Amino acid sequence: MGACLALCSLASCASCLCGSAPCLLCGCCPSSNNSTVTRLVFSFFLLLGTMVSVIMILPGMETQLRKIPGFCQGGTTIPGIENHVNCDVIVGYKSVYRMCFAMTCFFFLFAAIMIGVRSSKDPRAPIQNGFWFFKFLILVGITVGAFFIPDGTFHSVWFYFGVTGSFIFILIQLILLIDFAHSWNKVWVENAENSDNKCWFAGLLSFTFLHYALAFMAVVLFYVYYTQPDDCTEHKVFISLNLIFCVIISFVSILPKIQEAQPHSGLLQASLISLYTMYVTWSAMTNNPNRKCNPSLLSLVANVSTTPSPGDSTPGTVQWWDAQGIVGLIIFLFCTLYASIRSSSNTQVNKLMQTEEGGGSGGEGVVGEDGIRRAVDNEEEGVTYSYSFFHFHLCLASLYIMMTLTNWYQEHITSPETVWVKMSSSWLGLGLYLWTLIAPLIFPDRDFN
């Protein structure tokens with residue numbers, strides 16, 4: 001009897017894995033829409049690949065693998081057995097490049113397949129919303145194949161793909177943060193007005209002050225630790241320019257004309273964007289190969305000099321894990337989750353992100369004839385988000401993860417070009433936010449609500 005029940009349970013799981021509607025998460029999400037569940041599962045694939053990449057690049061992983069008898073080339077051997085595995089490829093920055101290459105190809109493949117899907121009635125929609133087991137097998141297959149790519153120029157070429165994709169993804173992160181701040185401000189202001197509870201306004205004021213305080217503190221620390229009186233001119237320019245730009249967007253956001261055109265714009269959004277801009281500035285400065293202008297966090301805390309001694313000709317080791325990388329991963333996780341469940345009323349952001357207003361609202365999970373709880377198909381009349389753009393976003397996220405985990409490392413050097421890539425993305429992002437403020441004034445006949 002128990003065996004029969006087990007077989008029935010396996011059959012139910014198989015129908016979820018191979019069917020045309022996502023039901024894997026409906027047991028724990030009783031109110032869920034098809035569109036939301038699908039995005040969460042694809043995001044889980046991305047996070048799973050990220051976890052594998054993190055494990056691969058952990059310090060000492062290659063040393064531990066070489067201790068396994070008969071495994072790594074040049075490691076511990078077993079008499080009569082030849083070690084065939086090249087552990088230089090399956091761990092370290094090379095493994096992260098190949099893992100993220102596989103994820104990029106996987107999501108790019110689906111981005112190409114899903115171009116032009118308008119509703120769940122499209123024959124390609126079941127591929128998007130189901131068959132998870134087979135999609136997982138495809139991802140595993142691409143990953144295995146990626147580790148057989150010869151070294152050659154692969155890592156050098158793929159580095160520039162990573163830089164380009166990361167530049168675009170940083171802008172997407174900024175768009176999502178702008179949207180989050182707008183939604184946050186709108187909800188709390190409406191709650192305060194409807195309930196006459198001033199605690200909502202106090203909360204907005206507190207978070208705004210916190211964001212500005214952290215941003216100002218970051219500027220002070222940057223001047224103290226990332227500049228020198230007779231050196232680091234670029235850093236001084238970067239910090240000063242972004243400080244000025246943050247003051248400008250803060251001033252513009254509270255102008256009477258801006259407030260009249262956009263009642264929900266304010267200092268909360270500007271403060272959050274200012275704080276994120278300071279993070280990008282910090283991230284850029286940590287990629288400066290000049291160690292006098294780029295001290296490691298460990299040296300700051302322990303007061304250890306990072307300047308190499310004159311007689312030391314040994315190249316410095318690359319620090320994979322540092323504070324800005326960890327902060328970058330946290331922001332990435334937040335933006336990925338937010339992109340999966342967001343339901344925005346911001347028309348400008350919805351157009352940029354190819355989503356529909358209110359698309360993420362929850363429905364009631366339904367139980368099919370087979371007794372399996374399934375998500376509600378809320379896309380019969382039209383999709384709530386662009387399938388293709390969502391996969392393109394995850395494709396760029398894969399490249400961003402690759403560059404973040406490897407600290408923008410290029411074949412034994414830290415490329416100075418990455419400093420300018422990050423700084424230019426921060427300037428373009430600030431310009432984009434400024435445009436969201438002034439666009440309703442420049443084009444009053446258009447709907448920017």
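What you see is a predicted model, and the numbers here were worked out from it, not measured in a lab.
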Taking only distance into account, with no hydrogens and no angle test, what donor-acceptor pairs under 3.5 Å do side-chain atoms of residues 50-57 form with protein atoms, sequence neighbours excluded?
residue: T50; atom: OG1; partner: L46; partner atom: O; Å: 2.9
residue: S53; atom: OG; partner: G49; partner atom: O; Å: 3.0

Identify each donor-acceptor pair in which a side-chain atom of residues 326-335 lies under 3.5 Å from a protein atom, sequence neighbours left out, and give them as a table.
none

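Between W282 and Y279, the angle of the ring planes goes over 60°, which puts this pair in the perpendicular group of the 30/60° scheme. Using a 30° and 60° split on the angle between ring planes, W184 and W188 fall in the perpendicular class, above 60°.
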Stepwise side chain to side chain contact (heavy atoms under 4.5 Å, CB included) check, I273 with T277: CA-CA 6 Å; I273 299 307; T277 299; 4.1 Å; yes
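To the nearest 0.5 Å, the span separating CZ on F167 from CH2 on W420 amounts to 13.5 Å. To the nearest 0.5 angstrom, L437 atom CG is 5.5 Å from I258 atom CD1.
Only one option out of Y160, Y97, F101, F159 pairs with F154 in a ring-ring contact (aromatic ring centres under 6.0 Å, His included); it is F101. Of the residues listed (T404, T406, I401), the one engaging C100 in a side-chain contact (heavy atoms from CB on, under 4.5 Å) is I401, and it is the only one.
The backbone N or O of G266 sits less than 3.5 Å from a side-chain atom of Q269, completing a donor-acceptor pair. The main-chain N or O of Y433 is found under 3.5 Å from a side-chain atom of T436 such that the two form a donor-acceptor pair.
In this structure, M423 and N242 approach most closely via the heavy-atom pair CE-ND2, 3.3 Å. Heavy atoms only, all atoms of each residue included: R124 and I115 are closest at NH1-O, 2.7 Å. Contact between M403 and V163 at its shortest, heavy atoms only, is CE-CG2, 3.9 Å. Closest approach of I170 and S425 over heavy atoms only: CG2-OG, 3.6 Å. Residues L267 and S250 share a closest heavy-atom pair of CD2-O, 3.6 Å. Contact detail for C246 and M278: the closest heavy-atom pair is SG-CE, 4.0 Å.
Counting heavy-atom neighbours within 6.0 Å of F44 CZ, excluding the residue itself, gives a total of 12 or less. Environment of CZ in F201: crowded, with over 12 heavy atoms of neighbouring residues, nucleotides or ligands closer than 6.0 Å.
Under the side chain to side chain donor-acceptor pair (under 3.5 Å) criterion, Y276 pairs with Q173, sequence neighbours left out. Residues satisfying the ring pair (Phe, Tyr, Trp, His ring centres under 6.0 Å) test with F169, not counting sequence neighbours, are H393, Y400. For S166, the side chain to side chain donor-acceptor pair (under 3.5 Å) test picks out no residue, with sequence neighbours left out. Judged as a ring pair (Phe, Tyr, Trp, His ring centres under 6.0 Å), and not counting sequence neighbours, the contacts of F42 are F110, W132, H391.
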